[in-house]
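Working notes for the structure below.
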Amino acid sequence: MSNPYLTHMPAGLRVEPEPPRESVWQQHGDITVHVERIGDPDAPRRVVFLHGAGGHAGMLRPFASAVAARGVYVIVPDFPGYGRTQVPDRGAIRYPDWIRVGCELVRAERDAHAGTLDLFGASIGGLLAYDIATRTKAVDTVFATCFLDPRRLDARRRISRYPWFGDVGPTLMRVIAGPMASAEVPMRWIANMTAMSNDPAVNQAVLRDPYGGGNSMPLGFTRSFMEMAPAMEPEDAVDLPVVLTHPGADQWTPLEMSLPFYERLAGPKRLVVLENAGHLPVEEPGVTQLIDAIADPPVL
């Protein structure tokens, strides 16, 4: 599968030569999860990359390759509904499927690896990474570009294509996602995909990508995401180190959307603001700051 994003990436994300990469499929119940594994599996440190809505392993591959080139083994799954992961019934996909798949994958990596194991979550993958880490107790550090808590009205308004949907979304979803839970709708109808990047060309690539932002998801998935709550509130996560690598020019989920959750975190933490970078950080110097933070983590 060709990567429609690579031509829009800065030089720092075009690694030559590319680290070794293999695509594998892992069975998680009735879900066949596509996973890209990049770098040296014998590296002392592993990082699992988690995409958000509109993303997939291919979108994150340039970032993963840049981190892998720095001596880290990177694992990037496609979550149900995105990328090349196969599900028996797309209409039955729900956000808890993402949590289950992520937890199973992380536990398997922990069992297979005695060294450092970290998570990096992009967009809504940030809160997913936090939730997986607290559920599994198998992760050393969480990195995230965003901590968007859908329980907050301001957060729902920011991620929605139309702000009013953030106001009525949960109620509306309870009404229509019962009998219509399996109905698939284009994600661009619900989420503000045109704010994925500050580069219009990248946004067009996202909207045209049938594996990512150009696909459709069941209404039941949207409802289950809006109603999600992490298994552990941040005040209780006293032993989990967290690095928030938030884009400084994010037009979709600006820093003030992530700070309420970040400030509640009770464990060791660090905020790294990616200069000049949009929601999908492809601008310098922010993108280099992101790779540096993941590949050579700050001391917490």
Side-chain angles (χ1 to χ4, degrees), residues 1-24 34-52 54-78 82-83 109 113 115-123 125-126 129 139-146 196-199 201-202 205-206 209 211-212 243-250 270-298:
M1 182 174 65
S2 62
N3 192 324
Y5 301 102
L6 194 57
T7 57
H8 305 294
M9 299 295 179
L13 293 182
R14 302 186 190 186
V15 179
E16 294 291 345
E18 283 195 54
R21 175 172 63 89
E22 63 173 341
S23 287
V24 300
H34 170 250
V35 182
E36 294 207 351
R37 295 179 169 273
I38 306 172
D40 180 3
D42 293 326
R45 180 166 172 249
R46 295 186 178 191
V47 179
V48 180
F49 275 39
L50 310 178
H51 66 76
H56 55 90
M59 175 187 280
L60 295 185
R61 186 190 306 156
F63 302 89
S65 294
V67 171
R70 302 270 290 268
V72 181
Y73 188 49
V74 183
I75 301 97
V76 197
D78 285 330
Y82 288 92
E109 292 302 321
H113 176 63
T116 301
L117 177 63
D118 297 331
L119 290 182
F120 165 67
S123 188
V139 173
D140 292 288
T141 303
V142 165
F143 298 82
T145 65
C146 178
M196 179 71 77
S197 170
N198 294 346
D199 183 343
V202 174
V206 170
D209 185 356
Y211 295 98
V243 180
L244 175 59
T245 55
H246 203 291
D250 189 337
R270 176 73 63 87
L271 171 62
V272 178
V273 178
L274 309 178
E275 298 175 51
N276 193 45
H279 187 78
L280 179 65
V282 296
E283 300 89 356
E284 293 290 3
V287 69
T288 293
Q289 293 167 343
L290 173 63
I291 300 306
D292 286 346
I294 300 172
D296 187 15

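One is the number of the first residue; the rest follow in order along the sequence.
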I need the full list of salt bridge (charged side-chain N to carboxylate O under 4.0 Å, His left out) pairs touching residues 38-50, with sequence neighbours left out, sorted by first then second residue.
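Counting only pairs at least two positions apart or across chains, the salt bridge (charged side-chain N to carboxylate O under 4.0 Å, His left out) contacts touching residues 38-50 are Arg45-Asp118, Arg46-Glu109.
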Quick one: list whatever passes salt bridge (Lys or Arg N to Asp or Glu O under 4.0 Å) with Arg14, sequence neighbours left out.
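By the salt bridge (Lys or Arg N to Asp or Glu O under 4.0 Å) rule, Arg14 matches no residue at all.
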Backbone of Ala249 reached by a side-chain donor or acceptor of Asn198 within 3.5 Å
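Pair found, side chain donor or acceptor close to backbone of Ala249.
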Can you check whether Ala144's main-chain N or O pairs, donor with acceptor, with Thr245's side chain at less than 3.5 Å?
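Present.
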Mind listing the closest non-hydrogen atom pair of [X] and [Y] along with its distance?
X      : Y      : value
Leu13  : Pro62  : O-CB, 3.7 Å
Met59  : Gly54  : CE-O, 3.4 Å
Asp140 : Gly115 : OD2-O, 4.2 Å
Phe120 : Leu290 : CE1-CD1, 4.0 Å

Straight-line distance of Glu22 CD to Glu36 CD, nearest 0.5 Å
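Atom-to-atom, Glu22:CD and Glu36:CD are 10.0 Å apart.
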Look up atom CG in Leu244 and atom CZ in Arg270, then write down how far apart they are to the nearest 0.5 Å.
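Rounded to the nearest 0.5 Å, the CG-CZ separation comes to 12.0 Å.
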Evaluation steps, side-chain hydrogen bond (donor to acceptor under 3.5 Å, both in side chains), between Tyr211 and Asp78:
CA-CA 9 Å; Tyr211 295 98; Asp78 285 330; over 6 Å; no
Ignoring hydrogens and angles, write down the donor-acceptor pairs under 3.5 Å from the side chains of residues 63-74, residues two or more places apart or on other chains.
residue: Ser65; atom: OG; partner: Arg61; partner atom: O; Å: 3.1
residue: Arg70; atom: NH1; partner: Asp292; partner atom: OD1; Å: 3.0
residue: Arg70; atom: NH2; partner: Asp292; partner atom: OD1; Å: 3.3

Residues 271-286 side chain polar contacts: donor-acceptor under 3.5 Å, at least two apart:
residue: Glu275; atom: OE2; partner: Gln289; partner atom: NE2; Å: 2.7
residue: Asn276; atom: ND2; partner: Glu284; partner atom: O; Å: 3.1
residue: His279; atom: ND1; partner: Asp250; partner atom: OD1; Å: 3.4
residue: His279; atom: ND1; partner: Asp250; partner atom: OD2; Å: 3.0
residue: His279; atom: ND1; partner: Thr253; partner atom: OG1; Å: 3.1
residue: His279; atom: NE2; partner: Ser123; partner atom: OG; Å: 2.9
residue: Glu283; atom: OE1; partner: Gly278; partner atom: N; Å: 2.9
residue: Glu284; atom: OE1; partner: Thr288; partner atom: N; Å: 3.4
residue: Glu284; atom: OE1; partner: Thr288; partner atom: OG1; Å: 2.8
residue: Glu284; atom: OE2; partner: Thr288; partner atom: OG1; Å: 2.9

By side chain to side chain donor-acceptor pair (under 3.5 Å), which residues pair with Tyr82, not counting sequence neighbours?
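Tyr82 satisfies side chain to side chain donor-acceptor pair (under 3.5 Å) with no other residue.
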